[in-house]
Amino acid sequence: MNSYDSLGGNSTGPSGTAAVCHWLKHMKLYRVVLIVVICLLTLPFVFYNLLVHEESNVQHNDIHRTRSQLFTFEDVSPLKAADLKLRIDEMLRMKGTVSLELRDLESRRQKLQSDIGLYNQKIDELKQELARQQTELDRLKISVEQAQVAQREAVLRNTPELALPRALFSDTLPNELRQISVEQSRACKMSTCFDHSRCSLTSGFPVYLYDPDTTSVVSEGYDIDGFLKTTIKQTLGYNAHLTTDPKKACVFLVLVGEALTEHEIVKNNRYNTAQGGPERAISDSTTSYQSSLNVTRLRLLPYWGGDGRNHVLLNFARREIGPGTGNMLQGRTMDTGRAMLVQSSFEESQFRIGFDLIAPPILGPPGGDVWQECAPMLPARRKYLLSFQGELNGQNGTMGVAGPHGTDDTESDTVDEFIIEHLKEMSSGRTQDYFMLQFECVPATEQRSPSGLREWSLCGTDNSRKSVLKESTFALLLAPGGGSTSSTLLQARLYEALRAGAIPLVLGGDQVQLPYAETIDWRRVVISLPKARITELHFLLRAIPDADLLTMRRQGRLVWERYLSSVQSTVDTIVASLRNRLGIPPKPIPSVVAHSVFNSSFVPLKSDPVIDSEPEESLGPIEPPYPSPAFRRNYTATLVQSREMWNDWADPFALYPQLPFDPVLPSDAKFIGSHMGFRPIGKGAGGTGKEFGESLGGNYPREQFTIVILTYEREQVLMDSLSRLYGLPYLHKVIVVWNSPKPPLEDLRWPDIGVPVHVVRAPRNSLNNRFLPFDAIETEAVLSVDDDAHLRHDEILFGFRVWREHRDRVVGFPGRFHAWDVNTLDSWNYNSNYSCELSMVLTGAAFIHKYYTYLYTYTLPQAIRDKVDEYMNCEDIAMNFLVSHVTRKPPVKVTSRWTFRCPGCPVSLSEDDTHFQERHKCINFFTKVFGYTPLLNTQYRADSILFKTRIPHDKQKCFKFI
């Protein structure tokens, strides 16, 4: 077989491959070249036919494949350039169309993404709304549970709900009874000589005054001081206990003195205008004492009833302040029946303890502010350690004469001489202390004791004695001799010492009685020593620290201002003392009627409140309005807290709906027998945030609070503030004090916040209106808020919970302090800078007890309220002064908030440059009125218990953001 045969054969495998290789090895070179040339010429035509055939089958929308084939065609066939250009234009047109389609798709994609975002936002809002509704549902469940508990309490209640009782009065005049003997009269007690049947516990203690202008019980030639007749009628007219119906009267007041002869009345040496003011009278009477009281006329009084029961004889000393004056029974045995006697001077044998009453002489004005008469309380130690000005009367002609109880006056002379000598040695000894001791009057006094009583008369004038006492740390009061329980001169010295801020030192205090001793705790005011302690006197005075000195001085001024300073205070104190004996509560304090700014026919427009976007948390149940129980301690407060009422609060004259000083039950009492009204946390088991938010807990029963907003022509700011109160737990109502003379716009829409909103018309534009005790305020807790204050709900609720534990203090948010002026070193500055100490909490956002609104309106000196009106400023400083003065405690600041105004609100008065200058002046003026600065510093604020505390993940904090 030749080579061709081998090539065309069908052999396979290794033998065929070997044959090909063998053939190529023996092939000629020219043949190989020829074969290559033929292939190069044939292949282009084959490729061209393939491309043309393939291009006809390509789809028009396959851009990338067409382009690649075009490039191949361009490379292969440059002869078709015109066709290629057309194809390129076509391709570019297709590209533009595709780009438009891509942009349209991109815009659709973006729109879909935006829609997806909106739907996601709506989903989040729905989730928040679901959470809010779930929280609201939880609130409603809690509210239902609380309502069920309240219903069970109402069903199980077995004690009466005390409130102001209906008064029960006597409806008959005193029956005519047989006259009692003088011995029986001297032995009178409240149990034997007083008719309690005329004085029901619910009577309110009605008091009847015999008109001194038409009813006279003095002897011929005498007449009662005209000033006393006028002022007693006037001041009693202001007293809530006065009645004009003798059938209802519990006691009958008879003015029997001061009675003077016609000559003494004409002389009128009590108020000597030539000497520039009131001066004490100097009695020059050397005749024997003669009583001015006519017993026959006394018994002919229309309601005397034969024995004078329930009658009170008022014998005031005013113009005659001398030895032996002020006692209408001096040296006489006079039958006054079962009548009580009120006067400043008593002999020991005359005074019936627990029946008669010692009252100070009338030495002050009829009423009004008396702070101008007082000296500053600072410094604690004054120029003189001890002062005394007086001259002993009753020595001549009485030496060696036995006293009323068999006491030899020679012994008293010896003791008095020893005391005088020791005091002189003490003042002239080697000591750094200064004394002002004057035992003889220069010029000599004309005062004489008509009855021979041993008593120290006054030296100089009222102004001269006042100037000495204002520079004295202690004022010496020497007890009268002759068996006197009290004397007018002693009471006058006590009055003058307390007025000047000198601490009275009564030497012989174990022998005398001070005014209103049944109720006033004189141990907090006066240092009372027996005469035998004279040798230890200097040591004792030096041993008293400054804090005790100022405490006694402050208490002395409090007693003087409230009980001794004026005719009004004296009359009110006498009535209150008699009422206190009988255990009858005083009349309720009057509230200010809240007159609506709208007329009765106008209905203000309502609008839905704007729901705040603050984070929601369960802060407490939404309850129906629940006013604080009022007048629940009508009869027990005067029993349990009588001492505090007379000596700490110095306000026994009125009955308050509630007090911030009410006693607190033990912790176990709210689970054992006294559970009414209490809402313990976790029903007593405690708990964290969830259980905490369901109940108030604490040491007091459930209660709510009232918000008082003072506003002036800022309607939109007010509406925004009201809207933010929607859904606030424990809110009872909102009182809007409309200070503007213009009424609100008729088309003004008031947000419906779920609780009543009372818009009260203010009597005039005054910042004092913020603290008026409106009758519409029915809760103990009052949140005073500016109309531009922006507080979150959790902040308000936390402040309310803190106030419940500090009911007697100002509890709020913006803290300020009073800073000592280091430049002048004699005044205070108001400071609002950030500080680690504060002494005030501004009442633009603070909780106070309603009790303090009564004190601010009725007790605070009028000069302070006038200063607030003058500056249109400082009412918050005045309230802080008042509360700190009453409690001697600083305010309580809550949370870290230092400012509280809403962003974007209009500029308020506090932004004025003169605002701070006026507040500097206010602090210094208020200090002058009070006699000292009652503000106290504090260095802490209140935060919730679990604040910044790490707790397990399954527990909640008390407040999420506090």
Side-chain angles (χ1 to χ4, degrees), residues 173-186 188 193-195 198 207-233 236 242-247 249-266 285 287-320 325-347 350 352 355-357 359 362 450 571 574 578:
L173 296 174
N175 298 326
E176 197 73 22
L177 298 179
R178 181 173 54 86
Q179 180 181 345
I180 63 173
S181 64
V182 175
E183 289 74 16
Q184 290 175 317
S185 178
R186 287 183 175 179
C188 267
C193 293
F194 192 85
D195 183 8
R198 298 193 63 86
V207 173
Y208 178 85
L209 173 67
Y210 287 97
D211 189 347
D213 291 325
T214 59
T215 305
S216 176
V217 294
V218 297
S219 303
E220 294 293 337
Y222 287 87
D223 195 8
I224 296 177
D225 181 17
F227 173 83
L228 282 178
K229 288 195 293 186
T230 302
T231 55
I232 295 299
K233 288 175 59 177
L236 264 176
L242 183 67
T243 180
T244 58
D245 186 356
K247 292 182 179 180
C250 170
V251 297
F252 301 85
L253 303 181
V254 187
L255 185 61
V256 300
E258 181 178 49
L260 305 172
T261 62
E262 295 179 357
H263 171 69
E264 291 170 330
I265 291 175
V266 171
S285 174
T287 60
S288 60
Y289 185 83
Q290 180 180 357
S291 176
S292 60
L293 181 63
N294 189 317
V295 177
T296 303
R297 291 184 177 181
L298 188 66
R299 293 173 181 172
L300 293 177
L301 290 175
Y303 316 117
W304 184 256
D307 57 358
R309 61 192 181 280
N310 292 37
H311 277 63
V312 180
L313 308 183
L314 304 176
N315 182 35
F316 294 114
R318 189 181 83 89
R319 294 200 300 188
E320 285 195 345
T325 60
N327 186 356
M328 68 177 184
L329 304 180
Q330 185 73 46
R332 295 283 300 273
T333 301
M334 191 172 296
D335 181 14
T336 56
R338 289 191 168 96
M340 288 180 276
L341 184 58
V342 177
Q343 58 184 17
S344 56
S345 181
F346 280 98
E347 294 180 3
Q350 298 171 339
R352 297 165 291 186
F355 192 73
D356 293 328
L357 188 65
I362 301 295
V571 170
I574 290 173
L578 298 174

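Remember, it's a predicted structure, so these values are computed and weren't measured experimentally. All heavy atoms count here, side chains included; hydrogens, waters and symmetry mates do not.
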Note to self: Going by side-chain contact (heavy atoms from CB on, under 4.5 Å), Leu314 matches just one of Val254, Val256, Leu253. Which one?
What the structure shows: Leu253
Checklist line | Side-chain ion pair, Asp335 and Arg299, N-O less than 4.0 Å | finding: yes
Note to self: Between the side chains of Lys247 and Asp245, is the shortest nitrogen-to-carboxylate-oxygen separation below 4.0 Å, so that they form an ion pair?
What the structure shows: no
Item checked: Residues in side-chain hydrogen bond (donor to acceptor under 3.5 Å, both in side chains) contact with Ser181, at least two apart in sequence or another chain -> Gln184
Next item on the list: Quick one: list whatever passes side-chain hydrogen bond (donor to acceptor under 3.5 Å, both in side chains) with Gln343, sequence neighbours left out.
Entry: Asn315, Asn327
Margin query: Which residues pass the ring pair (Phe, Tyr, Trp, His ring centres under 6.0 Å) test with Tyr210, not counting sequence neighbours?
Written below: Tyr208, Tyr303, His311
Notebook entry, point to check: With sequence neighbours left out, what residues match Phe316 under ring pair (Phe, Tyr, Trp, His ring centres under 6.0 Å)?
Noted result: none
For the atom pair [atom1] ([X]) and [atom2] ([Y]), what is the distance rounded to the nearest 0.5 Å?
{"X": "Leu301", "Y": "Ser216", "atom1": "CG", "atom2": "OG", "answer": "10.0 Å"}
{"X": "Thr230", "Y": "Asp225", "atom1": "OG1", "atom2": "CG", "answer": "8.5 Å"}
{"X": "Arg338", "Y": "Phe355", "atom1": "CZ", "atom2": "CZ", "answer": "9.0 Å"}
{"X": "Asp195", "Y": "Leu177", "atom1": "CG", "atom2": "CG", "answer": "8.5 Å"}
{"X": "Leu209", "Y": "Leu255", "atom1": "CG", "atom2": "CG", "answer": "7.5 Å"}
{"X": "Arg198", "Y": "Leu173", "atom1": "CZ", "atom2": "CG", "answer": "7.0 Å"}

Heavy-atom closest pair, residues [X] and [Y]:
{"X": "Asn310", "Y": "Cys250", "result": "ND2-O, 2.8 Å"}
{"X": "Ala317", "Y": "Ser344", "result": "CB-OG, 3.9 Å"}
{"X": "Cys188", "Y": "Ile180", "result": "SG-CD1, 4.4 Å"}
{"X": "Tyr222", "Y": "Val218", "result": "O-CG2, 3.6 Å"}

Is [Y] close to [X] at the side-chain level, that is, under 4.5 Å between some pair of heavy atoms?
{"X": "Asn175", "Y": "Arg309", "answer": "yes"}
{"X": "Leu260", "Y": "Glu320", "answer": "yes"}
{"X": "Thr325", "Y": "Glu258", "answer": "no"}

Checklist line | Residues forming a salt bridge (Lys or Arg N to Asp or Glu O under 4.0 Å) with Asp356, sequence neighbours excluded | finding: Arg352
Next item on the list: Not counting sequence neighbours, list each pair that qualifies as a salt bridge (charged side-chain N to carboxylate O under 4.0 Å, His left out) and has a residue in residues 174-183.
Entry: none
Next item on the list: Just do the side-chain contact (heavy atoms from CB on, under 4.5 Å) check on Leu298 and Leu313 with the steps written out, would you?
Entry: CA-CA 10 Å; Leu298 188 66; Leu313 308 183; 3.8 Å; yes
Margin query: Is there a side-chain contact (heavy atoms from CB on, under 4.5 Å) between Leu341 and Thr336? Walk through the geometry before answering.
Written below: CA-CA 9 Å; Leu341 184 58; Thr336 56; 5.9 Å; no
